[in-house]
Enquirer: 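Here you go, one structure.
Just follow the structure's listing: the first ligand is 1, and inside any ligand the first atom is 1. Being a predicted model, the structure only gives us computed values, none of them experimental.
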Amino acid sequence: MGRSSKDKRDIFYRKAKEEGFRARSAFKLLQIDQEFRLFDGVTNVVDLCAAPGSWSQVCSQRLAEHPNAHIVAIDLNEILPIPGVTILRGDITSPTTIENIINACEGNKVDLVLSDGAPDVTGLHDLDQYMQQQLILAALTVSTQLLRPGGKLCAKIFRGKDVGFMYSQLRVFFDDVIVAKPQSSRNSSIESFIVCQGFHLPEGYPPILIDSTQPRYGLPPTTDSVLVPFVACGDLSGFDSDQAYLPTHNHSLLPVAPPVDPPYRESVVNLSSPPLPFFERTMKIKAISRLTPEK
Ligand code: SAM
């Protein structure tokens with residue numbers, strides 16, 4: 001959860017800190033759940049691309065009452081511990097990582113697969129959309145391996161020009177595919193979320209491990225284009241994520257979960273011995289960069 005000037009004005013960025021969530025994304029999942037009751041009848045969840053972990057925090061809170069609840073979270077980046085969540089680290093587009101996720105589920109089928117996956121965006125929309133679709137394909141692979149019949153998949157999607165093909169592929173595996181735009185997701189962002197319900201494997205389709213490094217994915221062919229409903233969700237008369245609000249308390253709040261292994265760690269650690277706590281170190285770096293004129 002970075003601190004650009006835009007983020008500082010964003011009401012959901014601040015509310016996340018106030019409510020102890022590690023990222024503002026938590027509100028997107030909560031608002032999708034309000035509309036679709038995602039957690040009804042759910043005890044086993046896989047949360048893909050989960051760092052820093054706000055969606056897993058929501059899952060952990062929602063399933064706290066279930067003694068047999070099992071939540072598995074995975075990301076390329078390290079995730080700090082969350083009560084009741086098994087944490088893995090890896091690239092979800094790799095078949096080996098998918099095998100690790102399957103093993104972590106200990107032979108149980110899951111009721112819900114979540115994926116908030118986004119690549120590091122380049123600004124080249126076609127490329128960004130292609131990379132993001134690889135994450136959806138990985139989420140679909142995990143779903144074909146692990147979802148129980150009737151299970152659900154909720155995944156971030158970039159709505160670019162070729163998105164219709166992705167909807168058709170998803171409709172092969174799910175009875176119901178809807179695109180949701182939670183109110184906490186900025187209108188200026190191309191992200192939305194596909195909510196897929198009623199999972200089933202097509203007849204004669206073996207749940208294979210899709211290797212996205214191979215040119216053919218092995219998904220069943222689709223010919224029909226499908227119309228997918230679009231739903232705005234969350235309290236539409238509530239806070240607007242594109243608007244700037246003046247904070248009621250004019251002081252910044254510390255991050256709920258500071259970055260575990262940020263790329264700047266090495267230079268920060270070299271600044272002091274013994275290492276300072278995160279916040280002091282950040283302040284020291286800011287102070288030094290003010291003293292060092294840019295070349
Ligand atoms: N849902 C998270 C939360 O609530 O805290 C936020 C997820 S963040 C928007 C997107 C995440 O996707 C990043 O943490 C990134 O590391 C992860 N990601 C991107 N590509 C990935 C990949 N190939 N395998 C695993 N994680 C990936």
Enquirer: Have a look at ligand 1 and work out which part of Thr97, if any, has a heavy atom under 4.0 Å from it: side chain, backbone, both or neither.
Expert: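 Within the 4.0 Å criterion, Thr97 makes no contact with ligand 1.
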Enquirer: Tell me the nearest of Ala23, Ala257, Ser115, Ala51 to atom 2 (C) of ligand 1, using heavy-atom distances.
Expert: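 Considering heavy atoms of Ala23, Ala257, Ser115, Ala51, the nearest to atom 2 (C) of ligand 1 sits in Ala51.
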Enquirer: Counting only nitrogen or oxygen atoms and a 3.5 angstrom limit, does Ile74 reach ligand 1?
Expert: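 Checking ligand 1 against Ile74, no N or O pair falls under 3.5 Å apart.
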Enquirer: Got the closest protein heavy atom to atom 21 (C) of ligand 1, with its distance?
Expert: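 Heavy-atom neighbour on the protein nearest atom 21 (C) of ligand 1: Leu76 CD1, 3.6 Å.
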Enquirer: Any sub-3.5 Å donor-acceptor pair from Gln169's side-chain atoms to Gly164's backbone N or O?
Expert: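 Looks like no, no N/O pair under 3.5 Å.
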Enquirer: Please could you name the atoms of ligand 1 that Gly53 approaches to less than 4.0 Å, counting only its heavy atoms?
Expert: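 Selected atoms, number and element: 3 (C), 5 (O).
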Enquirer: Ala50 heavy atoms, cut-off 4.0 Å: which ligand 1 atoms fall inside?
Expert: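 The list of qualifying atoms is 2 (C), 3 (C), 5 (O).
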Enquirer: How far is atom 14 (O) of ligand 1 from the closest protein heavy atom, and which atom is that?
Expert: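 The closest heavy atom on the protein side is Asp75 OD2, 2.8 Å.
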Enquirer: Regarding Ser184 and Gln31, do their side chains bring together a donor and an acceptor under 3.5 Å, going by distance alone?
Expert: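 Side chains of Ser184 and Gln31: pair found under 3.5 Å.
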Enquirer: Short question: side chain of Thr141, backbone of Leu137 - any donor-acceptor pair under 3.5 Å?
Expert: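 It does hold such a pair.
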Enquirer: Using a 4.0 Å cut-off to any heavy atom of Leu135, which atoms of ligand 1 qualify?
Expert: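 In order of number, 20 (N), 21 (C), 22 (C), 23 (N).
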Enquirer: Establish, from distance only, whether the side-chain atoms of Asp128 and Thr122 form a donor-acceptor pair under 3.5 Å.
Expert: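 Looking only at side-chain atoms, Thr122 and Asp128 do form a donor-acceptor pair, the distance falling under 3.5 Å.
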Enquirer: Please list the nearest protein heavy atom to atom 23 (N) of ligand 1 with its residue and the distance rounded to 0.1 Å.
Expert: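 In this structure, atom 23 (N) of ligand 1 has Asp91 OD1, 2.8 Å as its nearest protein heavy atom.
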Enquirer: Identify whether the distance between the nearest side-chain nitrogen and carboxylate oxygen of Lys28 and Asp116 falls below 4.0 Å.
Expert: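 Salt bridge absent between Lys28 and Asp116.
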Enquirer: Under 4.0 Å from a heavy atom of Ser54: give me the atoms of ligand 1 that qualify, with their elements.
Expert: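 Selected atoms, number and element: 3 (C), 4 (O), 5 (O).
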Enquirer: For the pair Trp55 and Phe193, name the ring-plane relationship: parallel under 30°, tilted 30 to 60°, perpendicular over 60°.
Expert: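 Ring orientation, 0 to 90° scale: tilted.
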Enquirer: Are any of the side-chain nitrogens in Asp10 or Arg186 under 4.0 Å away from the carboxylate oxygens of its partner?
Expert: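 Yes, charged N to carboxylate O under 4.0 Å.
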Enquirer: Output the list of atoms in ligand 1 that are nearer than 4.0 Å to some heavy atom of Asp116, sorted by atom number.
Expert: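 In order of numbering, the contacting atoms are 1 (N), 2 (C), 6 (C), 7 (C), 9 (C), 10 (C).
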Enquirer: Scan side-chain atoms only and decide if Thr43 and Asn68 contain a donor-acceptor pair under the 3.5 Å cut-off.
Expert: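 Their side chains do not contain a donor-acceptor pair, so the 3.5 Å distance test is not met.
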Enquirer: To the nearest 0.1 Å, how far is atom 24 (N) of ligand 1 from its closest protein heavy atom, and which atom is that?
Expert: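 Ranked first by proximity to atom 24 (N) of ligand 1 is Ile92 N, 3.0 Å.
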Enquirer: Ring-plane angle category for Phe173 and Tyr205, please: parallel below 30°, perpendicular beyond 60°, tilted otherwise.
Expert: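 The arrangement is perpendicular - the two ring planes meet at more than 60°.
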Enquirer: Walk me through whether Arg159 and Ser192 qualify under side-chain hydrogen bond (donor to acceptor under 3.5 Å, both in side chains).
Expert: CA-CA 7 Å; Arg159 278 181 311 131; Ser192 290; 2.9 Å; yes
Enquirer: Run the contact test for Ala138 against ligand 1 with a 4.0 Å cut-off on heavy atoms, strictly below, and give the result.
Expert: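 So Ala138 does not count as touching ligand 1.
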Enquirer: Tell me whether Gln57 contacts the main-chain N or O of Arg22 through its side chain, where contact means a donor paired with an acceptor under 3.5 Å.
Expert: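 Yes; at least one donor-acceptor contact below 3.5 Å.
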Enquirer: Does Ser25 approach ligand 1 within less than 4.0 angstrom via side chain, backbone, both or neither, non-hydrogen atoms only?
Expert: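 Near ligand 1, Ser25 shows its side chain, while the N, CA, C and O stay back.
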Enquirer: Just which atoms of ligand 1 are under 4.0 Å from any heavy atom in Gly90?
Expert: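 Atoms satisfying the 4.0 Å criterion: 24 (N), 25 (C).
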Enquirer: Please confirm whether Lys156 comes within less than 3.5 Å of ligand 1 when only nitrogen or oxygen atoms on both sides are compared.
Expert: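 It does not: no N or O of Lys156 is found under 3.5 Å from an N or O of ligand 1.
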Enquirer: Just go through Ala118, Gly117, Cys49, Pro119 and tell me whose heavy atom is the nearest to atom 19 (C) of ligand 1.
Expert: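 Among Ala118, Gly117, Cys49, Pro119, the closest heavy atom to atom 19 (C) of ligand 1 belongs to Ala118.
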Enquirer: Which ligand 1 atoms does Pro52 reach within 4.0 Å, using its non-hydrogen atoms?
Expert: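 Here the atoms of ligand 1 in question are 5 (O).
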Enquirer: With heavy-atom distances below 4.0 Å as the criterion, list the atoms of ligand 1 near Asn77.
Expert: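 Taking each heavy atom of Asn77 in turn, ligand 1 has 16 (O) under 4.0 Å.
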Enquirer: Take atom NE2 in His125; do more than 12 heavy atoms of anything else shown fall under 6.0 Å from it?
Expert: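 Not buried by this count: 12 neighbours or fewer within 6.0 Å.
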